[in-house]
Amino acid sequence: MPEKVIDSFHVKRLDILDEKGDVDGALMPSLSEAYIRRMYELIVLSRTFDQFALNLQREGRLGTYASILGQEASQIGSAFAIEKTDWIFPSFREMGVYLTMGYPMHMLFQYWSGDERGISPPEGLNMFPLCIPVGTQIPHAVGAAMAAKYRKDNLAVVTYFGDGGTSKGDFHEGFNMAGVFRLPVVFICQNNQWAISVPREKQTASKTLAQKAYAYGFEGVQVDGNDVFAVYKATADAVKKAMDGGGPTLIECFPFRMSDHTTADEAARYRTKEEVEAWKPKDPLLRLKLFMEKNGLWTEKYEKDVEEEAKTTVSTAVKVAEATEPPKPEDMFTFTYEALTSRQKKQLTQIIHKL
Ligand SMILES: Cc1ncc(C[n+]2csc(CCOP(=O)(O)OP(=O)(O)O)c2C)c(N)n1
Ligand SMILES: [Mg+2]
């Protein structure tokens, strides 16, 4: 008997906005000028937030922080395609998504300064707290999508994770269940080429991360992660498909982690200057700016105004966060243990009476 090919697959890659600021007119989604300006303003706001956070950390006013520099188009582009009624399960690097969805900025500063009250999403904002354990948000999102399908809720569930997250068992278990039950979930992998010091080629032998979806019976697509329009379109299509009963989609965004892994890391020790330099012309903000300039949506005054407003917004949020009374150390005992040991009782007394 001759061997037969019983299955094959291909991976689509979506690019709309190039490095010169030109778009593919056939693929460009129909977006109003005001909408495009809002995208730009949120990219600037997120980048400003990021810069403030890095500075505050260096001054000892914030704890370890994970920068989003270079990943703004992946985050803001996708978040613009998510409805307020959808549910979002982020990883730890989605500050741009939080800000686009309207998460109070001062709470993010509160969280990164070690106050967990900063990451209790306000009522009405369908976002889960950021997730530090790599990949564990994936099965949570799949469970929520299962519930949505069961209850016939008209919504999609969107979850974010990194290239490193695709090596976790949570990823494979979540993907399997999403595929088998054709759940309304959109998986957004921000393949920023690095998982701390592990480069993409040591993460997997697969040619793309997008193709991993095919093993679980659904579509994976790769998108230029520095292209806000391509990320927006891929996410909008996947959200619509999920809500129309078409099942899950994996979107592999292809940006670059321009910064260190976190402020506790020093990327220069494991990656070359040349690699970082090569990504600079691909910058998502620069590219959108060029597009807007070519289309009469950008002037130097507009840029200055947007930057000034972002700085004011961010510094106000810092002030609000820093004016918040810190949590009481004794709460650690009140909410952690059912019953205190005699040693803990002694420690608690010492804290209360400042002994
Ligand atoms: C379960 C678990 N193992 C290890 C870690 C330590 N850790 C934090 S981030 C990270 C790498 C994540 O890489 P990736 O998924 O590519 O996300 P990125 O940091 O690039 O956004 C690791 C191993 C962790 N937080 N959780
Ligand atoms: Mg990564």
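Whatever order the structure lists them in is the order used to number ligands and atoms, beginning at 1.
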- Report yes or no: does N192 have an N/O/S atom closer than 2.8 Å to the Mg ion (ligand 2)? yes
- Task: Tell me which protein heavy atom sits closest to atom 14 (P) of ligand 1, plus the residue, atom name and distance to 0.1 Å.
- Result: G164 N, 3.4 Å
- N192 neighbourhood, listing ligand 1 atoms whose heavy-atom distance to it stays under 4.0 Å: 18 (P), 20 (O), 21 (O)
- Query: Is R37 close enough and on-axis enough to Y302, meaning under 6.0 Å and within 45°, for cation-pi?
  - Reply: yes
- N/O/S atom of W194 inside 2.8 Å of the Mg ion (ligand 2), strictly under: yes
- Message: For the 3.5 Å polar cut-off, considering only N or O atoms, please tell me whether K168 and ligand 1 meet it.
- Response: no
- Message: Which residue and atom name correspond to the protein heavy atom nearest atom 17 (O) of ligand 1, and how close is it?
- Response: G162 CA, 3.8 Å
- Message: With a heavy-atom distance limit of 4.0 Å, tell me whether F161 approaches ligand 1 through its side chain, its backbone, both, or neither.
- Response: neither
- Query: Counting only heavy atoms not in K240, do more than 12 sit closer than 6.0 Å to its NZ atom?
  - Reply: no
- Message: Within the 3.5 Å criterion, strictly below it, is a donor on Y65 or D260 matched to an acceptor on the partner's side chain?
- Response: no
- Heavy-atom nearest neighbour in the protein, as seen from atom 22 (C) of ligand 1, with distance rounded to 0.1 Å: I196 CD1, 3.6 Å
- Message: I want to know if ligand 1 touches G165 in the polar sense, i.e. an N/O pair below 3.5 angstrom.
- Response: yes
- Note on the structure: In this structure, atom 24 (C) of ligand 1 is nearest to the protein heavy atom V134 CG2, 3.6 Å
- Message: If I consider every N, O or S atom in D163, which one ends up closest to the Mg ion (ligand 2)? I only need its name.
- Response: OD1
- Message: I'd like to check whether R93 has a polar contact with ligand 1, where a contact means an N/O of the residue lying under 3.5 Å from an N/O of the ligand.
- Response: yes
- Task: Please state which part of H261 comes within less than 4.0 Å of ligand 1, counting heavy atoms only: side chain, backbone, both or neither.
- Result: side chain
- Close N or O approach (I132, ligand 1; < 3.5 Å): yes
- Query: Is any N or O atom of A195, backbone or side chain, closer than 3.5 Å to an N or O atom of ligand 1?
  - Reply: no
